[in-house]
Amino acid sequence: MSLLSRFEQACSALVERAFARSFPGDVAPAHVARKLVAVMEMHTRGEGGRLVAPASYVISVHPEDFERLASERAYLEREWAQLLRDLAARVGVAFTGGEPRVALTALEGVPLGTVRIELGTNLPRYQLHVIRGVPVDALYRLEGEMLIGRASAAKVELVDPSVSRRHATISIVNGVPVVRDLGSRNGTFVNGERVRSCTLKNGDVLTFGNTELRVEGAA
């Protein structure tokens, strides 16, 4: 049996088991799972007498689709990663870079109702440096998706009354940080320009209310 046939056979049973539930919107988790498996299969190769596949994957959807799935995000990321883990065990594939990891993110450029899946990467690394506001000079390493705002649950908690409780998020998408405004009262600005969603680069200055943070490379 070919590797592709082994993937397809194992995928069918595993997907039906994991994603029998229905979800709102046009982006069906079971459909995403099959595309995820296809990306894994495409990048599986022989190395040192064994089959290996990348461990990290980024699933990008339109912001509106992301909002519909946001409440189930942790569950979906966990189930998608478990699917890859189970599939690899069935077809005899090892992962490079540790255990499989899947991140669901919002990206403005992805058409509504569709999904983009790319390999994740840990390099380069970025951090946010508070250059104006409280806590001044604080550093926040960017990992996964981080909520920015006044809420105590925010990973970047800013002491600024002009900042909304849930102001924005920053996600790492294919190794690049992406900021997304969450409908904040005073908006999100990158280098002085108001944005809804924007990819970031080293040196960009983010403004939330009266607080400014600079994107910097991190060791």
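In this chain, residues are counted from 1 in sequence order.
Taking 4.5 Å as the limit, some side-chain heavy atom of V179 sits within range of a side-chain heavy atom of L206. Between L119 and V39, the closest side-chain pair of non-hydrogen atoms falls below 4.5 Å. V37 is listed as a side-chain neighbour of L87, based on a closest heavy-atom distance under 4.5 Å. No side-chain heavy atom of I148 sits under 4.5 Å from any side-chain heavy atom of Y140. The closest side-chain heavy-atom distance from H62 to D65 is below 4.5 Å. Using a 4.5 Å heavy-atom cutoff, the side chains of R150 and R166 are not in contact. Looking only at side-chain heavy atoms (C-beta outward), L213 and V205 stay at 4.5 Å or farther from each other. L147 is not listed as a side-chain neighbour of K155, based on a closest heavy-atom distance of 4.5 Å or more.
A side-chain N or O of S162 and one of D160 form a donor-acceptor pair less than 3.5 Å apart.
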*Check the pair R73 / E145 against salt bridge (Lys or Arg N to Asp or Glu O under 4.0 Å), numbers first and verdict last.*
CA-CA 11 Å; R73 182 186 175 196; E145 181 179 81; 2.5 Å; yes
*Check against side chain to side chain contact (heavy atoms under 4.5 Å, CB included), V93 and V52*: CA-CA 5 Å; V93 172; V52 297; 5.6 Å; no
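Separation of atoms CG (L104) and CZ (F66) is listed at 5.5 Å; rounding is to 0.5 Å.
At a threshold of 4.0 Å, the pair R85-E99 counts as salt-bridged, since one of the basic side-chain nitrogens sits closer than that to a carboxylate oxygen.
Following chains of ILVMFWY side-chain contacts shorter than 4.5 Å, one cannot reach M42 starting from V102, and the two form parts of different hydrophobic clusters. Note on L139 and V134: separate hydrophobic clusters, where clusters join Ile, Leu, Val, Met, Phe, Trp and Tyr whose side-chain heavy atoms are under 4.5 Å apart, directly or indirectly. Residues V136 and L158 are members of separate hydrophobic clusters, defined by side-chain heavy-atom contacts under 4.5 angstrom among Ile, Leu, Val, Met, Phe, Trp and Tyr.
Listed by first then second residue, pairs satisfying salt bridge (Lys or Arg N to Asp or Glu O under 4.0 Å) with a partner in residues 180-202 read E67-R180, E108-R196, K201-D204, not counting sequence neighbours.
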